[in-house]
J.: 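Shown below is the structure under consideration.
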Amino acid sequence: MAGRRTYRTRAIVLDRTKLGETDLILTLLAADGSQRRAVAKGARKPGGRLAARVELFSECDLLLAEGRSLDVVSEAALVDPHPGLRGEYDRVSAASAVAELARLTCYEDAPDGFLHPICLRALTACEQAADRAHLDVVVAAYAWKVLAHGGWRPELATCCACGDEAVTYFSPAAGGALCESCAREVAGAQPVAPGTLAWLRALLGLTFDELLAAEIDAEGALALLGLAHAWAATHLDARLRAWEFYLGAL
């Protein structure tokens, strides 16, 4: 590493890809909200110096050495391993969906101070959720909040096509809520109950603490999760495999 410029950052481990026999490529959400990719040498070796310090979902304090294409992890210390996510199928699946969306909404050389703290809060909320319904609410809320911040905020109060306040349908492609008349012209528009639209507004406006304390049934939470998945997949133009897995993990 001699001669390489080094820098220190806190970061959340969003993804890990195998490299060679013992190394990993880490996809990181840095403290400034930018995406970083770095090689953790020997991180797959049992008992290796980095093995337990760069686990998925962990927040780490990293010393990175700049490389030509990928940086290299020189040192790593755990800040918050999020132990409550380990060993529980639903929580791991929910955290994986959060991490997948975080990876798709942060970019290299594009700092954004909103992204790191909200991802940390969502992962902590996945630890705190009392049941599967509240896990669904946490994941859905994270999606709506991050995408709205990125410029993909749905219109929920009035029909996004004509402005009518009597909205009973929803379409990611159209941009949000629709009245019955306009919905006839939009392929794939889904009927939604007024309560569902109210919940969508709540996911955007309430804090995670407020959402964790709110009462919601499993069916309603799953509907919100499905709408969030459709919105994210449409506007990010991506297949969200971790989300699909989580939706199927019932």
Side-chain angles (χ1 to χ4, degrees), residues 33 94 97-98 100-102 104-106 112-115 117-119 121-122 125-126 128-240 243-244 246-248 250:
V98 168
E100 179 179 53
L101 191 61
L104 292 170
T105 51
C106 66
D112 184 336
F114 178 82
L115 297 178
I118 195 172
C119 184
R121 184 64 192 95
C126 287
Q128 297 170 331
D131 49 34
R132 171 64 196 242
H134 285 86
L135 271 175
D136 289 354
V137 167
V138 167
V139 176
Y142 175 73
W144 290 114
K145 291 176 187 296
V146 168
L147 288 165
H149 173 76
W152 298 290
R153 188 181 187 91
E155 173 56 58
L156 299 172
T158 61
C159 176
C160 58
C162 73
D164 192 333
E165 294 183 359
V167 289
T168 53
Y169 284 78
F170 186 86
S171 167
L178 292 165
C179 67
E180 184 175 2
S181 176
C182 292
R184 297 192 190 104
E185 307 299 322
V186 178
Q190 305 174 49
V192 290
T196 300
L197 290 173
W199 258 107
L200 290 179
R201 290 190 286 270
L203 295 183
L204 284 163
L206 297 183
T207 67
F208 283 106
D209 284 336
E210 291 169 327
L211 292 169
L212 288 170
E215 292 187 11
I216 188 168
D217 59 44
E219 183 178 356
L222 183 59
L224 295 173
L225 184 69
L227 289 172
H229 171 259
W231 185 262
T234 297
H235 293 285
L236 294 175
D237 193 22
R239 181 175 179 185
L240 306 176
W243 272 67
E244 290 173 5
Y246 180 55
L247 279 164
L250 297 173

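Given the structure is predicted, the values throughout are model-derived calculations rather than measurements.
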J.: Is it the case that the side chain of Glu219 and the backbone of Ala221 share a donor-acceptor pair, with hydrogens and angles ignored and the cut-off at 3.5 Å?
T.: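 Not at all, since once roles are kept as given, no pair shorter than 3.5 Å links the two residues.
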J.: State, yes or no, whether a side-chain contact exists between Thr168 and Pro191 at a heavy-atom distance under 4.5 Å.
T.: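 Sidechains of Pro191 and Thr168: no contact.
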J.: Looking at Trp144 and Leu224, what are the two nearest heavy atoms and their distance?
T.: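 Closest pair (atom of Trp144, atom of Leu224, distance): NE1-O, 4.2 Å.
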J.: Report yes if the distance between the aromatic ring centroids of Trp152 and Trp231 is under 6.0 Å, otherwise no.
T.: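 Aromatic pair excluded; centres sit 6.0 Å or further apart.
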J.: Is any side-chain heavy atom of Asp136 closer than 4.5 Å to one of Ile216?
T.: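 No, every pair of side-chain atoms sits at 4.5 Å or beyond.
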J.: Mind running side-chain contact (heavy atoms from CB on, under 4.5 Å) on Leu227 and Gln190 for me, showing each step along the way?
T.: CA-CA 9 Å; Leu227 289 172; Gln190 305 174 49; 3.9 Å; yes
J.: How close do Leu211 and Ala202 get, heavy atom to heavy atom, and via which atoms?
T.: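 So the minimum-distance heavy-atom pair works out to CD2-O, 4.1 Å.
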J.: State, to 0.1 Å, how close Val167 and Thr158 come at their nearest heavy-atom pair, and which atoms those are.
T.: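 Shortest heavy-atom contact: CG1-C, 3.5 Å.
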J.: Give me the atom names and distance for the closest heavy-atom approach of Leu240 to Ala232.
T.: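 For Leu240 versus Ala232, the nearest heavy atoms are CD1-CB, 3.7 Å.
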J.: State whether the side chain of His134 and the backbone N or O of Ala214 hold a donor-acceptor pair below 3.5 Å, judged by distance alone.
T.: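 Side chain of His134 to backbone of Ala214, a donor-acceptor pair under 3.5 Å: yes, one is there.
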J.: His229 versus Glu244: any side-chain heavy-atom pair under 4.5 Å?
T.: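 They are in side-chain contact.
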J.: Say you draw a straight line from CG of Leu147 to NE2 of His235; how long is it, rounded to the nearest 0.5 Å?
T.: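 These two atoms lie 8.0 Å from each other.
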J.: Quick check: are there more than 12 heavy atoms from other residues, nucleotides or ligands sitting under 6.0 Å from CZ of Arg201?
T.: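 More than 12 within 6.0 Å, yes.
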J.: Name every donor-acceptor pair, under 3.5 Å, that has one atom in a side chain of residues 170-179 and the other anywhere in the protein, sequence neighbours excluded.
T.:
residue, atom, partner, partner atom, Å
Ser171, OG, Ala173, N, 3.4
Ser171, OG, Ala174, N, 3.1

J.: Report yes if the side chains of Arg153 and Leu204 come closer than 4.5 Å at any heavy-atom pair, otherwise no.
T.: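 Yes; the side chains approach each other to less than 4.5 Å.
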J.: Are Cys126 and Val98 packed together at the side-chain level, in the sense that at least one heavy-atom pair is separated by less than 4.5 angstrom?
T.: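 They are in side-chain contact.
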J.: Should the heavy atoms of other residues, nucleotides or ligands under 6.0 Å from CG of Asp237 be counted, would the total exceed 12?
T.: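 No, because the 6.0 Å sphere around CG of Asp237 holds 12 heavy atoms or fewer from other groups.
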J.: Given side chains that start at C-beta, do those of Cys119 and Val146 come closer than 4.5 Å, heavy atoms only?
T.: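 In short, these two side chains do not touch, never coming nearer than 4.5 Å.
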J.: I would like to know whether Thr105 and His149 meet side-chain contact (heavy atoms from CB on, under 4.5 Å); could you show each step before the answer?
T.: CA-CA 10 Å; Thr105 51; His149 173 76; over 6 Å; no
J.: Would you sort out whether Thr207 and Lys145 count as a side-chain contact (heavy atoms from CB on, under 4.5 Å), showing the intermediate values?
T.: CA-CA 10 Å; Thr207 67; Lys145 291 176 187 296; over 6 Å; no
J.: Please examine the side chains of Leu222 and Leu247, heavy atoms only from C-beta on, and report whether any two atoms are closer than 4.5 Å.
T.: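 Leu247 reaches Leu222 side chain to side chain.
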J.: Give me the atom names and distance for the closest heavy-atom approach of Tyr142 to Ala122.
T.: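 That closest heavy-atom pairing would be CD1-CB, 3.6 Å.
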J.: Work out which heavy atom in Phe208 is nearest to a heavy atom in Ala141; give both atom names and the distance.
T.: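 Looking at all heavy atoms of both residues, the closest pair is CE2-CB, 4.0 Å.
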J.: Distance from Leu101 atom CG to Leu115 atom CG, nearest 0.5 Å?
T.: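 Atom-to-atom, Leu101:CG and Leu115:CG are 10.0 Å apart.
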J.: Rounded to the nearest 0.5 Å, how far apart are SG of Cys182 and CG of Asp164?
T.: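 Here the interatomic distance stands at 7.5 Å.
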J.: Any chance you could lay out the side-chain contact (heavy atoms from CB on, under 4.5 Å) test for Glu100 and Tyr246, step after step, and finish with the verdict?
T.: CA-CA 11 Å; Glu100 179 179 53; Tyr246 180 55; over 6 Å; no
